[in-house]
Number of protein chains: 4
Amino acid sequence: MQLPENKQLKENKKNLIIEAASKVFAEKGFSGASIADIAAYAGIGKGTTYEYFDSKEDLFFAVFEWHVEQSSQAATVNITALGGPASDRLSAMNESLMNYFVDKMDIFSLVMEFWAASASSKSREHYKQAFKDTYREFRGIVSSLIQDGIERGEFRSDVDVAAISAGIVGTWDAMFLQGWFDESFDIADTGKKCMAIFLKGLSIK
Amino acid sequence: MQLPENKQLKENKKNLIIEAASKVFAEKGFSGASIADIAAYAGIGKGTTYEYFDSKEDLFFAVFEWHVEQSSQAATVNITALGGPASDRLSAMNESLMNYFVDKMDIFSLVMEFWAASASSKSREHYKQAFKDTYREFRGIVSSLIQDGIERGEFRSDVDVAAISAGIVGTWDAMFLQGWFDESFDIADTGKKCMAIFLKGLSIK
Amino acid sequence: MQLPENKQLKENKKNLIIEAASKVFAEKGFSGASIADIAAYAGIGKGTTYEYFDSKEDLFFAVFEWHVEQSSQAATVNITALGGPASDRLSAMNESLMNYFVDKMDIFSLVMEFWAASASSKSREHYKQAFKDTYREFRGIVSSLIQDGIERGEFRSDVDVAAISAGIVGTWDAMFLQGWFDESFDIADTGKKCMAIFLKGLSIK
Amino acid sequence: MQLPENKQLKENKKNLIIEAASKVFAEKGFSGASIADIAAYAGIGKGTTYEYFDSKEDLFFAVFEWHVEQSSQAATVNITALGGPASDRLSAMNESLMNYFVDKMDIFSLVMEFWAASASSKSREHYKQAFKDTYREFRGIVSSLIQDGIERGEFRSDVDVAAISAGIVGTWDAMFLQGWFDESFDIADTGKKCMAIFLKGLSIK
DNA sequence: TATGAATGAGTCTTCATTCAT
DNA sequence: CATGAATGAAGACTCATTCAT
């Protein structure tokens, strides 16, 4: 995947701006962050931002997409790599995702900004659609794993796969939310234990 | 609980403003909503808002507290009323809370604004603290019910009560999040099924 | 001079407000002071102020007139009482006025506010006229004393009475201005010494 | 004293704004003048003002400093140029300063605003300090001249130099004040005559 | 292409003033 | 008469966006 050199440069600068924006938006929120802040953080001129993005809204959405992309990768990379029992793979996926985010806890504020954007941003529908797709994708991945487990005879077949998938995926948000507010809340550990409950509920005996 | 008449009037007006603000903030977000909007929606003059609240921030926080209060009530009212097996009471609480919010789905956008405020508002620490307390309160309620179930011999005793409580409480957020983005996601039903899984994981056999 | 009782009450309240306003204006300036401040300081309701004065401007002008009246009295009371050589009476008047104001140095800020009002207030012409009259009155008093001194053979007759009067009257402002800015400036003493110079310039030999 | 080109441009614009502000503040006073007024008068956009000054207060103080600087120059330029008898130099300084200000009588309203600012502005202490320094500087200049006159045997040696200096400096304020209120008051002429009195009081015979 | 000076629309907030009680 | 709740005009200030260089 080879881009012409100047296109690559452009991509690099775009990413530079996105990463700077990511930091600043995470710290100050969408409204609190100014283009001036972001440009300064990126070490470029204010006007330059507009060479790469049409508006602040636009830039914020780009940051959003960038993070969606990243976490989507984090999820898939880790299960495709693994084989073995479905429960092991679910646990592995669970742990891998938790760890991925625990490391970037500072970015969780961005997630909350994105959620809020889905409710009140001018392009709320864009956000909603993207989140809808992402949640479906994640539920789909979990569903396949569960389905696989059922087929292998690992899991009971009388469970509502969709519902459990939603529950498992939701647990990730839930853990981070509670961890966000409460320093003493152990995200990774609680997440692991919740997954254990789900697996117990799924297991044939 | 009898307030002197003019105090009551003041309280009434304060609530009038809070409710108007609630609607407008829900629709436009904190930054998108203007005091002018809110005052107009409440049918009062712009300046009047400042007779009751020191600043926009202040008003927003009052809206926050009002909703925290309301949902906290919704949760407690419904379990204290009930007796019977712990699993029934957990299910009842689950359904009651889901229904409470499903009715006011339009308000969920506010919750996301509050979450975001906990990350980037000037008084983020206030929000964080309040959320921390609220989550602890909810987890506490669920914990007591589970504990009760364990003592009654309904639930297994080798479970991590705190973790499951966090999972159950988190499921509420999780369902609403996924429902928020996806019209076709059945919040109440999925929530019920998730609770069923948790109960299955808890049950002695 | 007997007013009907309710008229007197009205006058009393008016003065109460004027005195309160005087304090608050002195401390915060015309713009910095709010009607709410003043009413609170006077221990009355905001609305009551408007029973006695048509507007904030109006009240400020009343305060102005009140002070003009007061200082005018302070000046005249003291010379009419005195007899003796003109130079003694000039010195006495000088000292008496200085002392009068040194005691109320905190009010000098009001004087500066009045001066400023004469330049930029909506009713600047009112202020200008009143100041013009007051300065003329003061110069007139000083002039008469000097004239008297000339006629008595105390002072030289080839002096410009008007100019010296202006100088003497101006010295009062000048001393207070310099004293206002400089804690270590001895207003009364310097004023006395300046008067001595003027008298030396006036004396026949 | 060569500034880099863009620094110079910035300085020029800053001065442009200061001069516009000077006019508008002089006419309407600090509170009466709006940033919009000033910007319009300067022929720039409202926002541009804030590129050069942090706040209205800030701009006003800059105007103040600009005038202090100017008048300070007006005073010193004219005596250093002169030689000859101390009394001539005092008279010359007197006339030069009077003329300087008589030409800009419209700016005297600013002086009164500055005085008022020293009493009630948020940064009153800044103003006070600056005025204190300025008066001391002026008194210092006059003192040196008198001292010189004493040493040359022109003036009597038993006078209080500090007091007379304060009187002479004060006369400038005094003349302008009286002239401000009274169109028919001849500032320059009266000032000259007052100086004559002071000189007579100082002269050895 | 990169910049940052200039802009003005938009908003919070204050406060003199009114008026129903 | 006295009050203070209600009001909205007015103004300082911010900041996304533009555009000449």
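Throughout, protein chains are lettered first and strands after them, A, B, ... in sequence-line order, and every chain is numbered starting at 1. Nothing here was measured: the structure is a model prediction, and the numbers come from that model.
- Looking only at distances, no side-chain donor or acceptor of Ser120(A) sits under 3.5 Å from a matching main-chain atom of Glu27(B).
- Atom-to-atom, NZ of Lys14(C) to C1' of dA2(F) comes out at 17 Å; the value is rounded to the nearest Å.
- Ile18(B) approaches Val63(B) most closely through the heavy-atom pair O-CG2, 3.8 Å.
- Between dA2(E) and Tyr52(A), a contact under 4.0 Å exists linking OP1 or OP2 to a side-chain N or O.
- When side chains are defined from C-beta on, Thr48(A) counts as touching Tyr52(A), because their heavy atoms get closer than 4.5 Å.
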Just to be sure I follow the notation: if a pair is Watson-Crick (purine N1 to pyrimidine N3 plus N6-O4 or O6-N4) or a G-U wobble (N1-O2 and O6-N3), each under 3.5 Å, what dot-bracket string does DNA chain E give, with | for pairs to another strand?
.||||||||||||||||||||
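- A donor and an acceptor atom, one from each side chain of Ser118(C) and Trp180(D), are located under 3.5 Å apart.
- Using a 4.5 Å cut-off on side-chain heavy atoms (C-beta onward), Met112(B) and Met112(A) make no contact.
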Each nucleotide in nucleotides 12-21 of chain F should get exactly one letter: B, S or -. Can you fill that in based on protein heavy atoms under 4.0 Å?
SBB-SBB---
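- Judged by a 6.0 Å distance limit and a 45° cone about the ring axis, Lys14(C) is positioned over the six-membered ring of Phe53(C).
- In this structure, Leu16(D) places its CG atom 14 Å from C1' of dA5(E), rounding to the nearest Å.
- Here the options are Phe114(A), Phe61(A), Phe25(A), the test is ring pair (Phe, Tyr, Trp, His ring centres under 6.0 Å), and the partner is Phe30(A); only Phe25(A) passes.
- Between Trp115(C) and Phe108(C), the two ring planes are perpendicular [angle over 60°; tilted spans 30° to 60°].
- Rounded to whole angstrom, the span from the NZ atom of Lys28(C) across to the P atom of dC15(E) amounts to 9 Å.
- One interatomic measurement links the two molecules: CG of Asn12(B) to P of dA6(F), which rounds to 11 Å at whole-angstrom precision.
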